[in-house]
Peer 1: 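The structure under discussion is supplied below as structure tokens; questions concerning it will follow.
Order of the sequence lines sets the chain letters (A, B, ...), proteins ahead of strands, with each chain counted from 1. What you see is a predicted model, and the numbers here were worked out from it, not measured in a lab.
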There are 4 protein chains.
Amino acid sequence: MFRRKGYDKTTLKDIGALAHIQAPAIYYYFSSKEQLLEEVLNIGIAGIHDAVRGAVDGMAASSTHRERVEAAIRAHLTSLLQHSDYTAANIINYNLAPRAIRERHRVRREQYADYWRAMLQAAQAAGEIGPGVDLTLLRLFLLSALFWTHEWYRKDHDPIEDMAAKLSTMLFDGIGGTALE
Amino acid sequence: MFRRKGYDKTTLKDIGALAHIQAPAIYYYFSSKEQLLEEVLNIGIAGIHDAVRGAVDGMAASSTHRERVEAAIRAHLTSLLQHSDYTAANIINYNLAPRAIRERHRVRREQYADYWRAMLQAAQAAGEIGPGVDLTLLRLFLLSALFWTHEWYRKDHDPIEDMAAKLSTMLFDGIGGTALE
Amino acid sequence: MFRRKGYDKTTLKDIGALAHIQAPAIYYYFSSKEQLLEEVLNIGIAGIHDAVRGAVDGMAASSTHRERVEAAIRAHLTSLLQHSDYTAANIINYNLAPRAIRERHRVRREQYADYWRAMLQAAQAAGEIGPGVDLTLLRLFLLSALFWTHEWYRKDHDPIEDMAAKLSTMLFDGIGGTALE
Amino acid sequence: MFRRKGYDKTTLKDIGALAHIQAPAIYYYFSSKEQLLEEVLNIGIAGIHDAVRGAVDGMAASSTHRERVEAAIRAHLTSLLQHSDYTAANIINYNLAPRAIRERHRVRREQYADYWRAMLQAAQAAGEIGPGVDLTLLRLFLLSALFWTHEWYRKDHDPIEDMAAKLSTMLFDGIGGTALE
DNA sequence: CATGAATGAGGGTTCATTCAT
DNA sequence: CATGAATGAACCCTCATTCAT
């Protein structure tokens with residue numbers, strides 16, 4: 001509901017209807033609409049973080065860093081686009097959430113960012129990402145591209161695995177043609 | 001106001017205060033809050049579209065396509081991050097806008113997308129973007145990365161020109177190191 | 001609880017917490033919040049009535065009526081200020097109680113008033129209260145003064161016995177000085 | 001309304017109906033129900049304070065202090081019982097008002113108490129109140145008796161002027177008969 | 001004897017909007 | 001061109017109460 005209509009437009013009545021209970025019954029489980037939002041945000045971030053970590057950490061020790069990054073991209077997209085309304089709800093509502101919630105939640109967002117930071121640093125240390133690459137900017141742009149997919153992705157697009165593979169290729173090998181060489 | 005607090009949380013009283021008038025006076029200029037939103041969305045898209053078009057079209061005829069794309073990136077970021085609260089308001093509120101507005105507005109968003117599509121096609125036709133690159137996916141990911149910057153960009157970041165240059169380099173040349181070659 | 005927060009602001013949850021049970025468990029002992037209030041009111045009136053009667057009826061047969069009135073004052077104040085939250089709760093909530101409860105309860109209040117009425121009449125009959133004194137008014141003002149103490153009395157005030165003695169003296173002997181005599 | 005039903009039981013709908021407007025229109029004039037209560041409390045205290053001060057200060061300079069006190073009693077009762085629902089509302093609701101309101105309001109109550117304190121002190125200094133009388137206790141009991149009248153006074157009682165005169169007489173001359181002298 | 005779960009009524013409050021002035 | 005006053009719809013939330021367990 002938060003994903004489709006946004007926090008403000010979502011009424012407790014809407015939510016209650018979805019859960020087949022009356023609106024006030026929600027207060028038996030949550031202390032306020034805001035707390036409900038906070039839990040949704042948390043589930044959203046946890047879902048994608050776990051998916052990515054699970055995918056990467058489960059890889060063979062012999063995997064290259066490039067393979068790891070590509071796996072992370074694939075897991076991120078799969079989780080966001082196929083599994084979790086919570087993650088999309090997070091993206092949509094985070095900015096408009098009350099300051100208190102946002103501040104408490106920021107920590108979790110940063111933990112996810114940290115995971116990527118470490119992964120990219122390892123790749124650069126191993127020489128699989130060029131030494132001149134600004135990792136902070138890379139991470140920010142890359143995660144932006146990934147998160148924003150929920151805005152334009154439709155079920156009838158390419159399979160997510162293809163998208164992930166293509167993005168990884170563009171990113172590592174560049175899109176430049178041979179015209180100028 | 002729409003940018004900072006979102007459409008729903010913004011009250012006409014807020015807006016009136018900003019304009020030094022009483023809330024009902026807004027109705028002298030706009031027929032409803034929704035119409036106000038629509039105009040804000042329009043200004044937002046027009047601002048960035050004009051900025052990008054202006055930058056690219058003003059270039060020397062001898063410019064390479066890569067130079068053009070980089071100029072477009074630079075103009076997009078400059079407009080979004082430095083000039084226009086309207087564009088950021090657009091990004092934040094588009095999804096949650098009433099369906100009618102969204103459908104009327106989508107046309108303008110597509111026109112901006114078309115501009116990029118044409119630019120990228122020209123670059124590929126000229127061989128400056130590899131023939132195997134999926135232009136649709138490239139455009140979607142690239143614009144996602146660009147639009148989402150407003151979420152994390154702070155005034156104390158790198159100068160926008162540097163960001164644009166680095167992104168362009170990563171994109172065209174790839175981030176891959178030499179480890180595997 | 002009724003004394004501190006008043007009937008309306010007191011929730012069954014509050015009461016349950018005080019009794020270390022859940023709110024619905026209250027219904028095992030009382031049929032409704034109103035019935036609970038009624039019992040509290042009753043206990044409050046009974047407490048002060050019993051205290052006063054006990055003190056006066058236990059006095060030596062040789063006591064003067066003035067001594068009896070003073071004892072009644074002392075007992076009333078002691079009961080109200082030191083022993084019984086119930087009595088204070090009664091005073092605070094009686095007016096705001098539902099009409100049905102109020103009407104049922106009024107009888108008990110009148111019984112207490114009757115006790116005073118009889119005591120004052122006896123004193124007047126015996127000549128210890130002047131023949132010209134309007135007993136009804138005296139009783140009303142006196143009980144008003146006594147009941148209202150719970151509003152301003154703090155533990156660090158004079159001992160209650162002193163207060164009672166002083167009030168009795170003022171009342172019987174008057175506060176007038178000698179200036180005009 | 002606050003006087004009849006108490007703050008909690010009074011709904012904004014009730015108040016709106018009384019004022020022939022819809023409940024939300026109240027917010028055009030008051031920022032909250034609490035602020036409304038606060039203003040009612042203030043008017044209540046101001047009403048009685050002004051009435052008493054006006055009556056006493058308007059007396060001939062040659063008046064005795066006893067005459068002044070009696071005039072104050074009369075004015076207090078007249079204001080409370082005949083003119084002002086606000087004062088009765090004050091008495092009833094003060095205790096149950098939110099702490100913040102109560103603390104802000106206490107100052108005004110104390111100013112009224114101060115007025116009486118000064119009046120009684122002057123009377124004692126002039127010898128019209130006995131030197132042994134505890135003025136604080138006298139004031140507290142006297143004001144208690146006066147305030148509480150609104151609980152039992154009915155229109156069919158004695159005229160207020162008679163009541164005031166009788167109370168004054170009892171107070172200054174005492175109720176004691178001659179039996180013990 | 002007590003609780004977990006839920007409900008229904010209703011309360012205070014917000015807000016876009018209207019309209020006479 | 002703008003405001004003061006008011007409205008009606010709707011929202012979040014509270015709470016006494018019920019009832020199966």
Peer 1: Starting the side chain at C-beta, find the nucleotide from F/dA16, E/dT13, E/dG8 nearest to D/Leu12.
Peer 2: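 Minimum distance to the D/Leu12 side chain belongs to E/dT13.
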Peer 1: Quick one: do the D/Thr11 and D/Asp14 side chains pair a donor with an acceptor below 3.5 Å?
Peer 2: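 Yes, side-chain donor-acceptor contact under 3.5 Å.
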Peer 1: Can you tell me which nucleotide in E/dT7, F/dT18, E/dT13 comes closest to the side chain of A/Pro24?
Peer 2: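 From the listed options, E/dT7 comes nearest.
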Peer 1: Closest-nucleotide mapping onto DNA chain E: is C/Ile26 or B/Glu34 further toward the 5' terminus? I mean the 5' end.
Peer 2: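 Nearest-nucleotide comparison on DNA chain E picks C/Ile26.
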Peer 1: Provide, to the nearest angstrom, the distance between the CG atom belonging to D/Asp8 and the C1' atom belonging to F/dT14.
Peer 2: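 Computing the D/Asp8:CG to F/dT14:C1' distance gives 12 Å.
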Peer 1: Taking any strand in view, what nucleotide pairs with F/dC11 in a Watson-Crick or G-U wobble way, both distances under 3.5 Å?
Peer 2: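 Matched F/dC11 with E/dG12 under the 3.5 Å cut-off.
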Peer 1: Separation of A/Phe30 atom CZ from F/dC13 atom P, in whole Å?
Peer 2: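 The distance from CZ of A/Phe30 to P of F/dC13 comes to 13 Å, rounded to the nearest Å.
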Peer 1: Can you tell me if B/Glu38 uses its side chain to pair, donor with acceptor, with the backbone of B/Glu34 under 3.5 Å?
Peer 2: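 Answer holds: no.
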Peer 1: Please round to the nearest 0.5 Å and tell me the distance separating atom OG of B/Ser32 and atom CG of B/Leu12.
Peer 2: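 The distance works out to 9.0 Å.
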Peer 1: Base, sugar-phosphate, or nothing for C/Ser31, non-hydrogen atoms under 4.0 angstrom?
Peer 2: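 If one applies the 4.0 Å heavy-atom cut-off, C/Ser31 turns out to touch nothing in the nucleic acid.
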Peer 1: Whole angstroms only, please: what is the NZ-C1' distance between C/Lys13 and F/dT14?
Peer 2: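 In whole Å, F/dT14 C1' lies 10 Å from C/Lys13 NZ.
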Peer 1: D/Lys9 NZ to E/dA9 C1': how many Å, rounded?
Peer 2: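 From D/Lys9 NZ to E/dA9 C1': 16 Å.
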Peer 1: Please determine, for the side chain of C/Lys33, which listed nucleotide (F/dA2, F/dT17, F/dC12) has the closest atom?
Peer 2: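 Looking only at heavy atoms from C-beta outward on C/Lys33, the closest nucleotide is F/dT17.
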Peer 1: On DNA chain F, does the nearest nucleotide to B/His20 precede the nearest nucleotide to A/Tyr7 from the 5' side, or the other way round? Give the residue.
Peer 2: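 Counting from the 5' end, the first nearest nucleotide belongs to B/His20.
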Peer 1: I'd like to know whether D/Asn90 forms a side-chain hydrogen bond (donor to acceptor under 3.5 Å, both in side chains) with D/Arg109, so could you lay out the CA-CA distance, the side-chain angles of the two residues, the decisive distance to 0.1 Å, and finally the verdict.
Peer 2: CA-CA 10 Å; D/Asn90 183 308; D/Arg109 290 200 150 206; 2.6 Å; yes
Peer 1: Could you check whether the rings of C/Phe147 and C/His76 sit parallel, tilted or perpendicular, using 30° and 60° as the cut-offs?
Peer 2: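 C/Phe147 and C/His76: perpendicular rings.
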Peer 1: So which nucleotide from F/dA2, F/dC13, E/dG8 ends up closest to the side chain of A/Gln22?
Peer 2: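 So the nucleotide nearest the side chain must be E/dG8.
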Peer 1: How long is the line joining CD1 of A/Ile21 and P of F/dC19, in whole Å?
Peer 2: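 So the CD1-P distance, A/Ile21 to F/dC19, works out to 19 Å.
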Peer 1: Which residue lies toward the 5' end of DNA chain F, C/Tyr27 or B/Ala25, if each is placed at its nearest nucleotide?
Peer 2: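 The residue closer to the strand's 5' end, by nearest nucleotide, is B/Ala25.
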Peer 1: Tell me the partner of F/dT21, counting only Watson-Crick (N1-N3 plus N6-O4 or O6-N4) or G-U wobble (N1-O2 and O6-N3) with both under 3.5 Å; none if nothing fits.
Peer 2: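 When the pairing criteria are applied, E/dA2 turns out to be the nucleotide that pairs with F/dT21.
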Peer 1: Expressed as a whole number of angstroms, how long is the span from C/Leu37:CG to F/dA16:P?
Peer 2: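 In whole Å, F/dA16 P lies 12 Å from C/Leu37 CG.
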Peer 1: Can you see if the side chain of B/Tyr28 gets near the phosphate of F/dA2 - specifically, an N or O under 4.0 Å from OP1 or OP2?
Peer 2: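 No, B/Tyr28 has no side-chain N/O under 4.0 Å of OP1/OP2 on F/dA2.
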Peer 1: Starting at the 5' end of DNA chain E and moving along, which residue's nearest nucleotide shows up first, B/Ser32 or D/Ala23?
Peer 2: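 Nearer the 5' end of the strand: D/Ala23.
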